[in-house]
Colleague: 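Below are the C-alpha cells for one structure; questions will follow.
As the structure is a prediction and not an experimental result, all values here were calculated from the model. We name chains A, B, ... by the order of the sequence lines, and we start the count at 1 in each one.
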Protein chains: 2
Amino acid sequence: MAEKKSDRTRAAILAAARERFGADGYERATIRAIAADAAIDPAMVMRYYGSKEKLFAAAAEFDVRLPDLSGVPREQAGEVLVRHLVERWEEDDTLRVLLRTAVTNESAAERMRQVFIGQLTPAFERAAVDQPAVRAGLIATQALGFALCRYILVFEPIATLSTDRAVAWLGPTITRYLTAPDPSHV
Amino acid sequence: MAEKKSDRTRAAILAAARERFGADGYERATIRAIAADAAIDPAMVMRYYGSKEKLFAAAAEFDVRLPDLSGVPREQAGEVLVRHLVERWEEDDTLRVLLRTAVTNESAAERMRQVFIGQLTPAFERAAVDQPAVRAGLIATQALGFALCRYILVFEPIATLSTDRAVAWLGPTITRYLTAPDPSHV
DNA sequence: AGCATATGCCAACACTTGTTGACTTTTCGA
DNA sequence: TCGAAAAGTCAACAAGTGTTGGCATATGCT
C-alpha cells in the first residue's frame, strides 16, 4: 500500500476545506482555519495542494450524475429530475460549496455553467426537445433558486420543507419548462 | 442650502460602493478600490460612512415597492409580479448588491429574508391566500433563482432573454405558486 | 479681509492573508 | 541497525486589508 499516513491527512484537509468553503465562501474561508479544523499545520495544506485555488478546485470537484430520463414519461420528468437534484444536494455539500463560491468567483461560476447549461442542454437536444438551451436555463433558475433559498439563505419554510413536498411543488414547474410550448406571443 | 460639496462626494462614494459591491461582493470590494472609483481618498470613505459595514448598509438600502395586486385577477398576478420584479431588478443594482452579498454575509441574508419573506407573506395573508408562507417562499425561489442565473452567474440564454419572454415563461409559474392547491398527497 | 470650519490628502498603524524555507521528527526498507 | 525519504513544525515574509490621526487646503460667514 502506498503512503497511508499522508493520504489520511490529505483527506482530512479536503473534508475541512469543503466544510469551510461551504460555510463561509471562498474569501472568508482561510487556509489557517481549514488547517486548524484538520488539526494540522497550515504549511501542510500548501505542501499537499499547492495553493488555495487548487485546494478549492479539489474541494469543488464532483460529478453531476444526471439521471437517465429516457424511460420516464414526459409528464413525470420534472418530478424525477427535482427529486434527483434535491437528494444529490442533500447528501454532500460539494454543490453548496460551488454555489456559495460561484457568486463571487468567476472560475466557480464557469464550472456551474458547465454543469447546468453544458450538461442539461445537450441532454435535451438528444431528447429532441425544442429550444433546449432556454428550457435548460429555465430549469436551472428554479433548481438553483430553490437551493439558494433552502441551503444558503435559509428561508423558512423552504429550508424545512420535506423532500416530498418540495418535489410536489417544484416538479410540475420543471415539467412545464421542459414540455410546454413557448408562451411568448411571437 | 446645506453643504453641497460634501453631499456630492457622499453620493459619489455611494455610487462607487454600489458598483463595486455589486460586481465583486462584500469581501473582494475594498475600500481603497471604491475610493479610487470615486476619485477620492480612502480616508474620506471612513469619514463619511464610519466603516465598511456601515457603507455596505447604506449601499444596500432600498424599498421593495411591491406592486398592488388587489385589483389584479388572480390568473395574471404572477405576470404582474414578475414584470415588476424584473424591471425593478434591471433599473438599479441595489438588489444585485444585496444578492451577491447575502450569500456570504449573514446580515445581508437577514435583510433578504425581510424583503422576500417578511413582506410577501403578510401581503398574501391580507389577500386571504392559504399557506401564505409556503407560497411566498416558493415565489422567492423562482424569483431569486432567475436573478441569480441572469445577473450573477450569467447563464445564457437566460441573461439575454427579453423581459417579455421572461415574464411569459415565469409568470405562470408564479401564478401557480400563488393560486394552485397544495399538491402534496397528504 | 480674517478666521473658524468643513473638506480633503498623506502616511502610518495593527492586523490578517497566502505562501515559503529551514529545521525537526517519524517511518520504514536494506 | 542505520540512514534516506517522508511527514510535520516553526517562524517569518511580503502584500493587502480596514482604520486612524495629523496636517494642508478650501469654503463661507461676519
Colleague: According to the side-chain hydrogen bond (donor to acceptor under 3.5 Å, both in side chains) rule, which pairs have a member within residues 150-159 of chain A, sequence neighbours left out?
Modeller: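 Listed by first then second residue: A:E90-A:Y151, A:E156-A:T160.
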Colleague: Taking atom P of D:dA24 as reference, at what distance in whole Å does atom CE of B:M44 sit?
Modeller: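 Value for this atom pair: 16 Å.
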Colleague: Hey, are A:K52 and A:E27 close enough for a salt bridge, meaning a charged N less than 4.0 Å from a carboxylate O?
Modeller: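 Answer for the salt bridge query: no.
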Colleague: Describe, in one word, how the ring planes of B:W89 and B:F116 are oriented to each other, choosing from parallel (under 30°), tilted (30 to 60°) and perpendicular (over 60°).
Modeller: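 Rings of B:W89 and B:F116: tilted, as their planes differ by 30° to 60°.
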Colleague: Tell me which residues in residues 99-111 of chain B lie within less than 4.0 Å of DNA chain D, going by non-hydrogen atoms.
Modeller: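 Close to the strand, none.
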Colleague: Can you name the residues that form a side-chain hydrogen bond (donor to acceptor under 3.5 Å, both in side chains) with B:S51, not counting sequence neighbours?
Modeller: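 side-chain hydrogen bond (donor to acceptor under 3.5 Å, both in side chains) check on B:S51 returns nothing, list empty.
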Colleague: Between A:D182 and A:S184, is there a side-chain donor-acceptor contact under 3.5 Å, judged purely by atom types and distance?
Modeller: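 There is such a pair between these side chains.
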Colleague: D:dT27 C1' sits how many Å from B:R8 CZ, rounded?
Modeller: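 Rounded to the whole Å, the gap is 13 Å.
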Colleague: Name all pairs fulfilling the ring-ring contact (aromatic ring centres under 6.0 Å, His included) condition that reach into residues 6-25 of chain B, sequence neighbours left out, sorted by first residue then second.
Modeller: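 Matches after skipping sequence neighbours: B:F21-B:Y26, B:F21-B:F56.
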Colleague: Check the distance between D:dG8's C1' and A:R10's CZ and give it to me in whole angstrom.
Modeller: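 Between C1' of D:dG8 and CZ of A:R10: 15 Å.
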Colleague: Can you tell me if CD on B:Q131 sees more than 12 non-hydrogen neighbours from other groups inside 6.0 Å?
Modeller: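 Check passes, neighbour count above 12.
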Colleague: Can you list every salt bridge (charged side-chain N to carboxylate O under 4.0 Å, His left out) pair that touches residues 122-141 of chain A, not counting sequence neighbours?
Modeller: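 Counting only pairs at least two positions apart or across chains, the salt bridge (charged side-chain N to carboxylate O under 4.0 Å, His left out) contacts touching residues 122-141 of chain A are A:D130-A:R135.
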Colleague: For nucleotides 12-23 of chain C, read 5' to 3', which letter fits each nucleotide if B means a protein heavy atom sits under 4.0 Å from the base, S means only the sugar-phosphate is that close, and - means neither?
Modeller: B----BBBBB--
